[in-house]
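Only a predicted model underlies this, so the values are computations on that prediction, with no experimental measurement involved.
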Amino acid sequence: PRQEDIALANLERQGFLVNLPKIARIKPSPRLSATEVLFPGYIFFAPYSQAQSIAPVRSTLGVSRLVRFGQSVATLSSDLLEEMLGFIAQKSSAPGGLAAHIKGIVGGIRVEITEGPFAGLEGLVSAVAKDRVMVLLEIMGKPQCLQFAHRALSAC
């Protein structure tokens with residue numbers, strides 16, 4: 001846990017292409033700006049060439065295990081990764097983007113649901129509007145995007 005920067009440095013030293021998406025977060029008090037990992041505990045990597053083996057990744061300092069679906073290592077298309085990184089960059093630099101917050105809840109941060117049937121669950125904010133917040137939750141092993149009122153959420 002919380003070894004993403006160590007894993008990043010070690011994977012880069014081994015010659016892998018590595019990406020660790022981070023976002024700006026405005027802490028509600030005392031309103032200090034900071035960056036945090038967008039997907040805590042996860043890092044994206046790819047071999048530099050087709051001939052490079054990913055076997056050493058399992059024993060890399062900072063890496064606990066590879067994400068797998070059955071026997072297959074999980075993969076993410078480069079197009080989807082580029083689209084995600086573009087979205088993060090756009091939201092971070094847009095006027096009022098991530099800094100325009102209500103109750104400290106902004107796109108890309110982790111929140112806890114405090115009311116209703118999902119109370120106690122944590123999710124990732126995907127969008128914030130005047131009267132509702134879209135939160136990405138993992139429910140029964142599948143990602144689901146649900147709407148919540150601002151009052152039903154608190155920033156983690």
Looking at [Y], is its backbone amide N or carbonyl O close enough to the side chain of [X] to form a donor-acceptor pair, meaning the two atoms are under 3.5 Å apart?
X	Y	value
T114	A152	yes
N10	T60	no
S77	L80	yes
Q52	P47	no

What is the distance from atom [atom1] of [X] to atom [atom2] of [Y], rounded to the nearest 0.5 Å?
X	Y	atom1	atom2	value
Q144	E138	CD	CD	10.0 Å
F39	E4	CZ	CD	12.0 Å
L124	L38	CG	CG	6.0 Å
L153	R110	CG	CZ	12.5 Å

Do [X] and [Y] have side chains that approach each other closer than 4.5 Å (heavy atoms only, starting at C-beta)?
X	Y	result
R151	E115	yes
L20	F44	no
H150	V133	yes

Over all heavy atoms of both residues, which pair between [X] and [Y] is shortest? Give the atoms and the distance, please.
X	Y	answer
L137	E122	CD2-O, 3.4 Å
A7	V63	CB-CG2, 3.9 Å
L66	V57	CD2-CG1, 3.6 Å
Q147	M134	CG-SD, 3.0 Å
I113	F118	CB-O, 3.5 Å
L11	V18	CB-CG2, 3.6 Å

**Message:** Among N19, L8, V37, which residue satisfies the side chain to side chain contact (heavy atoms under 4.5 Å, CB included) criterion with I43?
**Reply:** L8

[Y] reachable from [X] in the ILVMFWY side-chain graph, under 4.5 Å edges:
X	Y	result
F45	V73	yes
L76	F69	no
I139	V111	yes

**Prompt:** Are more than 12 heavy atoms from other residues, nucleotides or ligands located less than 6.0 Å from atom CZ of R68?
**Reply:** yes

